[in-house]
Visitor: 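Mind having a look at this structure? Questions to follow.
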Amino acid sequence: MTRSLPGDTHGGRRRAVVIGAGPAGLSSALSLARAGWQVQLRERLRKPGPRLCGSFLGPEALRHLETFGLMDAVRRAGGVPVRRARIFNDKGRETNRPLSPAGMALPRETLESILGEAAEKAGVDMRWGEPSSVVLPPAGGIGVLAAGRFAGEHPPAAGRGWYGWNAAFDKVLAEPGEISLHFHPGGYVGMLTFPDGKTNVCGLRWKKAGGPWEDVFEDSLDRLPSFKKRLAAAERRSDWRGVGPLPHALSMRRTPDGVFPVGDAAAVGDPFFGEGIGRALGAGPMLLSALAAADPAESHRRLWRRAYGRRLFWGALLRHALNRRPLLDLALWGAGRLPFPLE
Ligand SMILES: Cc1cc2nc3c(=O)[nH]c(=O)nc-3n(C[C@H](O)[C@H](O)[C@H](O)COP(=O)(O)OP(=O)(O)OC[C@H]3O[C@@H](n4cnc5c(N)ncnc54)[C@H](O)[C@@H]3O)c2cc1C
């Protein structure tokens, strides 16, 4: 007797519905389509556009792009290597963190347009402007929940917690490919500069809901001399964007039978380590491995836990330290020494 895989349509092509065209959804759709699945990808946005975060690609993200055969496209699109991270505390003290292997700076919308083109070429049926509140696996198929951090049925109530914010700037004092992280108790600001001279300024802040992002930005300038110095002549080139409170988690979200959670929809980690896009891009290859196992859901959960469980734990620890003055410098000292990427 032959075993029936999820998505087995008894001779026809196996079908998958993917919800969300972020890096996790695109990686899943691309991997499944290349493996012969019939894939529909539903995205609530009408078209790709600028995003809040995710312009730094860590070595793991680059490895997945290499496996997809997309690194030439990424280089042609202007991806620039990032060979070290400069980490500052709120007194301006610097820790230098070499990145070996190097990471890369690439605007998030460029990454998604490269992945989107590859997915369409592989035959994915891309449906823009189609929000889905539930993922039901198609008859005899699978569902992939890739709808990001708020993919739960009950988004967290606005209140106190960690909020992300960003804007693009020109004329920042930084070289293309330079990444710097500026920490203070209760938050940090990260800066990443692209070859066209634009810099993504992106922060995380423990705060209450409400209040303009401009105030958070001004407060960050006051608290962080290293940040203020780099922004001395800078001009803002985009609106402020913000999100939160972020629903950080240590374990994988539970989903109905036949539905696989991936990327931030599986669990939201901490941005400090620059690994979210790597986790998202790894979604497709991990899904394919799990689908080849006798119990795909259990295998997916096990592979995911083995790959990310420990890192999410370290991220949570650093996040707690970030909120307490005496632990902040110790955490930054550790961040300069932890292996990168974290295994
Ligand atoms: C402040 C901040 C900075 C960060 N910086 C970095 C960084 O530099 N490098 C890095 O590696 N990681 C970074 N991260 C983390 C990284 O951005 C995420 O881990 C990554 O984007 C997760 O990808 P995803 O595809 O799972 O989710 P998302 O990128 O959130 O994509 C989800 C997609 O689903 C769509 N969607 C949502 N709901 C629905 C619905 N109901 N129906 C259809 N579509 C839906 C959304 O529109 C979106 O397109 C950062 C995070 C934060 C908060």
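In this chain, numbering begins with 1 at the start of the sequence shown. We use all heavy atoms of the structure for the numbers below, so side chains are in, but hydrogens, waters and symmetry mates are not. Read the numbers this way: they start at 1 and go in the same order the structure lists the ligands and their atoms.
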Visitor: Below 3.5 Å, N or O to N or O, backbone or side chain included: is there any such pair between Asp264 and ligand 1?
Guide: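 By distance alone, the answer is yes.
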Visitor: Can you list the atoms of ligand 1 that are under 4.0 Å from a heavy atom of Gly22?
Guide: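 Answer for ligand 1: 25 (O), 31 (O), 33 (C), 49 (O).
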Visitor: So which protein heavy atom does atom 13 (C) of ligand 1 come closest to, and at what separation?
Guide: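 Ranking protein heavy atoms by distance from atom 13 (C) of ligand 1, first comes Gly54 CA, 3.8 Å.
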Visitor: So is Gly190 in contact with ligand 1, going by heavy-atom distances below 4.0 Å?
Guide: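 Gly190 does not count as a contact of ligand 1 under the 4.0 Å cut-off.
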Visitor: Out of all atoms in ligand 1, which are within 4.0 Å of some heavy atom of Gly263? Include the element for each.
Guide: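 What qualifies from ligand 1 is 26 (O).
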Visitor: Cut-off 3.5 Å, side chains only: do Ser132 and Arg42 have a donor facing an acceptor?
Guide: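 Yes, because at least one side-chain N or O of Ser132 sits under 3.5 Å from a partner of the opposite role on Arg42.
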Visitor: Counting each atom of ligand 1 from 1 as listed, which ones have a heavy atom of Cys202 under 4.0 Å away?
Guide: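 With Cys202 as reference, the close atoms of ligand 1 come out as 1 (C), 2 (C), 3 (C).
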Visitor: Which residue and atom name correspond to the protein heavy atom nearest atom 15 (C) of ligand 1, and how close is it?
Guide: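 For atom 15 (C) of ligand 1, the nearest protein heavy atom comes out as Gly276 CA, 4.0 Å.
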Visitor: Going by the atom numbers of ligand 1, which of them fall below 4.0 Å from some non-hydrogen atom of Ala280?
Guide: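 Atoms satisfying the 4.0 Å criterion: 23 (O).
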Visitor: Looking only at non-hydrogen atoms, which of Ala21, Ser28, Ser132, Ala147 approaches atom 41 (N) of ligand 1 most closely?
Guide: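 Minimum heavy-atom distance to atom 41 (N) of ligand 1 goes to Ser132.
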Visitor: Side chains of Arg84 and Ser100: is there a donor and an acceptor less than 3.5 Å apart?
Guide: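 The criterion, which ignores hydrogens and geometry beyond distance, is not satisfied for Ser100 and Arg84.
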Visitor: Is the shortest side-chain heavy-atom distance between Val80 and Met104 below 4.5 Å?
Guide: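 No, side chains not in contact.
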Visitor: Which class fits the ring pair Trp240 and Phe217: parallel under 30°, tilted 30 to 60°, perpendicular over 60°?
Guide: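 Tilted.
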Visitor: Look at atom 51 (C) of ligand 1 and say which protein heavy atom is nearest, naming residue and atom and giving the distance to 0.1 Å.
Guide: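 For atom 51 (C) of ligand 1, the nearest protein heavy atom is Cys53 SG, 3.5 Å.
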Visitor: Val201 and Trp162: same hydrophobic cluster, using ILVMFWY side-chain contacts below 4.5 Å?
Guide: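 Result: no, two separate clusters.
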Visitor: Short list, please: which atoms of ligand 1 are under 4.0 Å from a heavy atom of Ala24?
Guide: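 In order of number, 24 (P), 25 (O), 26 (O).
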Visitor: With heavy-atom distances below 4.5 Å as the criterion, would you say the side chains of Ser226 and Arg230 are in contact?
Guide: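 Answer yes - side chains close enough.
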Visitor: For atom 53 (C) of ligand 1, grab the closest protein heavy atom and report residue, atom and distance to one decimal in Å.
Guide: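 For this ligand atom, the closest protein heavy atom is Leu246 CD1, 3.8 Å.
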Visitor: Check this for me - ligand 1, Gly164, N or O atoms closer than 3.5 angstrom, yes or no?
Guide: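 No - when backbone and side-chain N and O of Gly164 are compared with those of ligand 1, no distance drops under 3.5 Å.
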Visitor: Below 3.5 Å, N or O to N or O, backbone or side chain included: is there any such pair between Val262 and ligand 1?
Guide: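 No, there is no polar N/O contact under 3.5 Å.
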Visitor: Between Phe227 and Phe183, is the gap from one ring center to the other below 6.0 Å?
Guide: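 Here the rings of Phe183 and Phe227 have centres that are no less than 6.0 Å from each other.
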Visitor: Closer than 4.0 Å to some heavy atom of Gly148 - which atoms of ligand 1 meet that?
Guide: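 Counting from 1, the qualifying ligand atoms are 27 (O), 30 (O), 32 (C).
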Visitor: Given 3.5 Å as the limit, does a donor-acceptor pair link the side chain of Asn89 with the main chain of Arg93, or not?
Guide: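 Side chain of Asn89 to backbone of Arg93, a donor-acceptor pair under 3.5 Å: yes, one is there.
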Visitor: Taking heavy atoms and a distance under 4.0 Å, where does Leu45 meet ligand 1: side chain, backbone, both or neither?
Guide: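 Looking at Leu45 and ligand 1, just side chain atoms fall under 4.0 Å.
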Visitor: Who's the nearest protein heavy-atom neighbour of atom 45 (C) of ligand 1, and how far?
Guide: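 Checking every protein heavy atom, the shortest distance to atom 45 (C) of ligand 1 gives Arg44 CG, 3.8 Å.
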Visitor: Answer with side chain, backbone, both or neither: which part of Ser55 has a heavy atom less than 4.0 angstrom from an atom of ligand 1?
Guide: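 Only the backbone of Ser55 comes within reach of ligand 1.
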Visitor: Which residue holds the protein heavy atom closest to atom 49 (O) of ligand 1, what is that atom called, and what is the gap in Å?
Guide: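 That would be Glu43 OE1, 2.6 Å.
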Visitor: Answer whether the closest heavy-atom distance between the side chains of Leu224 and Tyr188 falls below 4.5 Å.
Guide: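 Contact flag for Leu224/Tyr188 side chains = no.
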Visitor: Quick one, Leu32 and Gln38 - any side-chain contact, counting heavy atoms below 4.5 Å?
Guide: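 No, too far: nothing below the 4.5 Å cut-off.
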Visitor: How far is atom 9 (N) of ligand 1 from the closest protein heavy atom, and which atom is that?
Guide: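 Answer for atom 9 (N) of ligand 1: Phe56 O, 2.8 Å.
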Visitor: Taking the non-hydrogen atoms of Ile19, is any one of them nearer than 4.0 angstrom to ligand 1?
Guide: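 Right, Ile19 reaches ligand 1.
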Visitor: Any N or O of Tyr188 that comes nearer than 3.5 Å to an N or O of ligand 1?
Guide: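 The answer is no, given that Tyr188 and ligand 1 share no N or O pair closer than 3.5 Å.
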Visitor: Quick check: does Pro23 get an N/O under 3.5 Å from an N/O on ligand 1?
Guide: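 Min N/O separation from ligand 1 is below 3.5 Å for Pro23.
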Visitor: Going by side-chain contact (heavy atoms from CB on, under 4.5 Å), His64 matches just one of Ser31, Ser27, Pro285, Pro59. Which one?
Guide: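 Of the listed options, the one satisfying the test is Pro285.
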Visitor: Please report the C-alpha distance between Arg311 and Asp270 in whole Å, then the side-chain angles of each, then the deciding distance to 0.1 Å, and finally whether the salt bridge (Lys or Arg N to Asp or Glu O under 4.0 Å) criterion is met.
Guide: CA-CA 9 Å; Arg311 305 184 203 187; Asp270 297 83; over 6 Å; no
Visitor: Any side-chain heavy-atom pair from Ser55 and Phe194 closer than 4.5 angstrom?
Guide: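 They are in side-chain contact.
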Visitor: Tell me which protein heavy atom sits closest to atom 29 (O) of ligand 1, plus the residue, atom name and distance to 0.1 Å.
Guide: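 Checking every protein heavy atom, the shortest distance to atom 29 (O) of ligand 1 gives Arg108 NH2, 2.4 Å.
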Visitor: Contact between Arg279 and ligand 1, counting heavy atoms under 4.0 Å?
Guide: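 It does not, in that no heavy atom of Arg279 comes within the 4.0 Å cut-off of ligand 1.
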Visitor: Heavy-atom contacts under 4.0 Å between Ala146 and ligand 1: side chain, backbone, both, or neither?
Guide: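 Contact part for Ala146 vs ligand 1: backbone (N, CA, C, O).
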Visitor: Which of the atoms in ligand 1, numbered in the order shown and given with their element, are less than 4.0 Å from a heavy-atom of Gly203?
Guide: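 That gives atoms 1 (C) of ligand 1.
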Visitor: Got an N/O contact under 3.5 Å between Ala265 and ligand 1?
Guide: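 Ala265 vs ligand 1: no N/O contact under 3.5 Å.
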Visitor: Same cluster or not: Trp165 versus Phe56, using hydrophobic residues (I, L, V, M, F, W, Y) connected whenever any side-chain heavy atoms lie under 4.5 Å apart?
Guide: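 Looking at the clustering, Phe56 is in a separate group from Trp165.
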Visitor: Decide yes or no for Met191 and Leu231: does some side-chain heavy atom of the first lie under 4.5 Å from some side-chain heavy atom of the second?
Guide: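 Sidechains of Leu231 and Met191: in contact.
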Visitor: Atom CG in Leu30, atom CG in Leu41: separation rounded to 0.5 Å?
Guide: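 One finds 10.5 Å between CG of Leu30 and CG of Leu41.
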Visitor: Got an N/O contact under 3.5 Å between Trp165 and ligand 1?
Guide: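 Between Trp165 and ligand 1 (N or O atoms, distance only) the closest approach is not under 3.5 Å.
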Visitor: With atoms numbered from 1 as shown, which atoms in ligand 1 lie under 4.0 angstrom from a non-hydrogen atom of Arg42?
Guide: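 Near Arg42, meaning under 4.0 Å from one of its heavy atoms, ligand 1 has 43 (C), 44 (N).
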Visitor: Using atom types as modelled and distance alone, determine if a side-chain donor or acceptor of Lys208 lies under 3.5 Å from a backbone N or O of Gly211.
Guide: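 Between the backbone of Gly211 and the side chain of Lys208 there is no qualifying donor-acceptor contact (under 3.5 Å).
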